Structures are given as C-alpha cells and as structure tokens.
Amino acid sequence: QAVLTAGWDGAWFRRAYDAFGNPIGSKECAEGQIFIEPQGMCVMAGIGRETGQAAQALASVEERLDTKYGVVLLQPAYTGYQLNLGEISSYPPGYKENAGIFCHNNPWISCAEATLGHGDRAFAVYRKTCPAYIEDISEIHRTEPYVYSQMVAGKDAPTFGEAKNSWLTGTAAWTFFNISQYILGIQPTLDGLRVDPCIPHTLTGYTVTRRFRGAEYRITVDNAAGGSARRQGGYRRRQGHLRQCAAAGCRRDRGNGAGNYGLNRLFLLPHIILLFITNAAAQPPLHGGVGFTAYPTVQRSKCAPRCSAHR
C-alpha cells in the first residue's frame, strides 16, 4: 500500500526520495522524471496488477524509455551535476546510469511484461539487447557480437547504440532468469515445478528438459494455433483456482469464464516426467486470450522402466 501511495507518481512508480524528502523519478522533477528500475521490480512483485498501475507503468516505459536499441535507464537525462544525486548525474547524458541503456536491468522489464501476460512485448524487449539478434548492427554496437555489454549508449548520446564494458555485467544471468522462468515460464517453487509460459504469438512451440529435485522433466509447449486477441500476443496469464488432474502429483490451475477453461499454471511434482501443453485452436479462448490443455503422460510410480530411460 505504501508503494501505491507514496511510491506512485500518477503514471509510473517513483524511484526514491532524497535526504531532503524530495521525490526522485517524478513528474515534479525537471530531469530524471522516470526510471526503469521501479517499473520492472514493482510489476514483478505484483504491485498494482489488479488496480491498473502495473500496466500503466509499463506503458509509460514503452512510451518514454524504450528505444530501438533497448530501454534506457531514465528520462530526461541529467544535464548537470546535482549534489543530492551524486554519481548518476556526473556522467554525460546517455551514458552509464545517466540515461544509458543498462543491459542488466532490461530483463526486468521483460519479466514484468511477462508477469502481465504480454508475450510479444516481453520478447521484443529481450531481443533488443540479445547478441544473437543484433549482429547486423555490429558496426554500431562495436563490441564482441557474442557477449553482453554492461551498457549501450542511450538516445541522448552522440554515439547512440554503441556498447561499452563488454563482459562486465550481470546481464547474462538476469537474461537466463527471464527466458527460463518468465518467457518459457518454467519456475521452481516450494510446491513443485510450475509451468506458466508467456511466449510471443510467432513462436510455434518449444521443448525443454529440466532437472529438478532429482527428476528430469521433458516439457513440450505447442503454440501452433498462435492465437491472441490482444495487442501483445502470445500466452497470457489468468487468475483461477487449483484443482487436481487425473494424474497424481499434478495440479492444474483453470481460469473461470463462461464455462471455457484454459490452463493457467501447472505445478509439477517429481512424479510427472513428461508433460505436453497445447494451445488448442478448437477451444474457445478464455477472456479473449488463449486456451490450453495439458496431458501428463508418464508417472514414475506406474512406469518405472520407462521413467528410468527418460532420466
């Protein structure tokens, strides 16, 4: 509640308050009105998800911070040193923390978009800094085409798009976290392995092998229908209730709406070895989204020899 009151600025989340009680990352500021960090982290935490602030914050990121080379850290850039802010205002506009594209926290926005079910947008943010997708701009990027860099010069910089400090970054770890747990949606939890994909509508499917608590899971997601009634596309997440599937050890979360049920989340316990999820074209979408069915196919307790072969 404190974040939605003292931390909400009307269209995005504030960054902080300085030692004098003045807001940072607010429309009240002449510079540094919006920052990337609180938008990603607050939405990932679920703050404002039900009341609309989360979606509004990400819309503000797309409108004010997004560029063709990635999401900048803040806007507008600081043009002079500010004693109450220190180092962040000491860099030239568009470099480092002063409105540069910090690759480390771009995955936070992708995770946040996936949290709201925005599959296309989550993937678009991911690919803007991913080395595999930016080789064709190597003459602009100017660092090794196979590794992440700490930052890329932002739109305020004269060398917009030029990367700096390759290897010196936590981007790879955050990107793996984003791809594996948010976009592909394979999340380890205390209750088991949760499968909650949020992929773009252009991705027809994928297969993942995941080792978890002594078992190996082979998970296939089929999105051949590629359906989406939303701008963002892809799989979307929904609220629902948990119920037991026919197979022991698997719980399926089904959405509620006009009798049309779709898979929301699967909680896989170590009994289940193979899982198949399909975006069924014949099933009416739930709340304008995508319908799912799930088929747990192998149980260790009943198919021990086959399970051994798959481990």
Side-chain angles (χ1 to χ4, degrees), residues 40-50 54 58 104-123 125-126 130 170-200 203 205-223 232-245 247-255 262-279 286 289-298 311:
M41 285 295 176
C42 288
V43 176
M44 287 169 67
I47 299 173
R49 181 174 177 176
E50 304 301 325
L58 293 183
H104 187 140
N105 50 38
N106 266 241
W108 303 351
I109 298 301
S110 184
C111 290
E113 294 284 5
T115 298
L116 298 189
H118 301 169
D120 281 357
R121 173 64 179 158
F123 195 77
V125 173
Y126 154 72
C130 177
T171 306
W174 267 108
T175 299
F176 178 76
F177 180 73
N178 172 35
I179 284 291
S180 62
Q181 297 195 29
Y182 281 83
I183 293 178
L184 299 183
I186 303 170
Q187 305 170 2
T189 75
L190 290 176
D191 295 324
L193 199 61
R194 184 172 72 175
V195 180
D196 190 11
C198 186
I199 59 178
L203 183 60
Y206 60 90
T207 299
V208 172
T209 299
R210 176 67 158 86
R211 293 183 178 180
F212 182 65
R213 293 179 180 171
E216 183 175 278
Y217 301 89
R218 297 186 182 180
I219 303 165
T220 297
V221 173
D222 179 11
N223 190 35
Q232 295 88 352
Y235 282 141
R236 62 178 294 193
R237 294 183 167 128
R238 296 180 288 270
Q239 296 297 317
H241 63 276
L242 290 171
R243 75 174 187 88
Q244 286 294 124
C245 292
C250 173
R251 291 192 293 169
R252 186 167 69 176
D253 185 355
R254 307 184 71 182
L263 175 69
N264 181 10
R265 298 176 179 88
L266 288 175
F267 287 83
L268 304 182
L269 304 182
H271 300 307
I272 304 296
I273 303 299
L274 298 180
L275 175 73
F276 180 76
I277 306 174
T278 180
N279 170 5
L286 177 64
V290 177
F292 302 81
T293 53
Y295 305 97
T297 56
V298 179
R311 294 189 61 186

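Computed from heavy atoms alone, side chains included, the values below leave out hydrogens, waters and symmetry copies. Since the structure is predicted, the reported quantities are computational estimates derived from the model, not experimental observations.
Looking at every heavy atom in both residues, Arg210 comes nearest to Pro188 through NH2-CG, 3.6 Å. Scanning all heavy atoms of the two residues, the minimum distance from Gly40 to Ala112 falls at O-CB, 3.8 Å. Residues Arg213 and Thr189 approach most closely at NH2-O, 3.0 Å, considering heavy atoms. Of all heavy-atom pairs between Ala114 and Ala122, the closest is N-CB, 3.9 Å.
Atom SG in Cys111 sits 9.0 Å away from atom CD1 in Ile179 (nearest 0.5 Å). Here the straight-line distance linking atom CG of Leu58 with atom OG1 of Thr115 works out to 8.5 Å at 0.5 Å rounding. Atoms CD and CG, on Glu113 and Asp120 in that order, are 10.5 Å from each other to the nearest 0.5 Å.
Under the rule for a side-chain contact (heavy atoms from CB on, under 4.5 Å), the partners of Leu203 that lie at least two apart in sequence or sit in another chain are Ile199, Pro200, Tyr206. Not counting sequence neighbours, the partners of Thr207 by the side-chain hydrogen bond (donor to acceptor under 3.5 Å, both in side chains) test are Thr220. Residues meeting the side-chain hydrogen bond (donor to acceptor under 3.5 Å, both in side chains) test with Asn178, sequence neighbours left out: Ser110. Not counting sequence neighbours, the partners of Phe176 by the side-chain contact (heavy atoms from CB on, under 4.5 Å) test are Ser180.
The aromatic rings of Trp174 and Trp108 sit perpendicular, their planes meeting at an angle over 60°, well past the 30° parallel limit.
Looking only at distances, a side-chain donor or acceptor of Gln187 sits under 3.5 Å from a matching main-chain atom of Gln181.
Counting only heavy atoms from C-beta outward, the side chains of Ile219 and Leu184 never approach each other to under 4.5 Å.
Paired with Tyr126 under the rule side chain to side chain contact (heavy atoms under 4.5 Å, CB included), one option of Ile183, Ile109, Asn106 passes, and it is Ile183.
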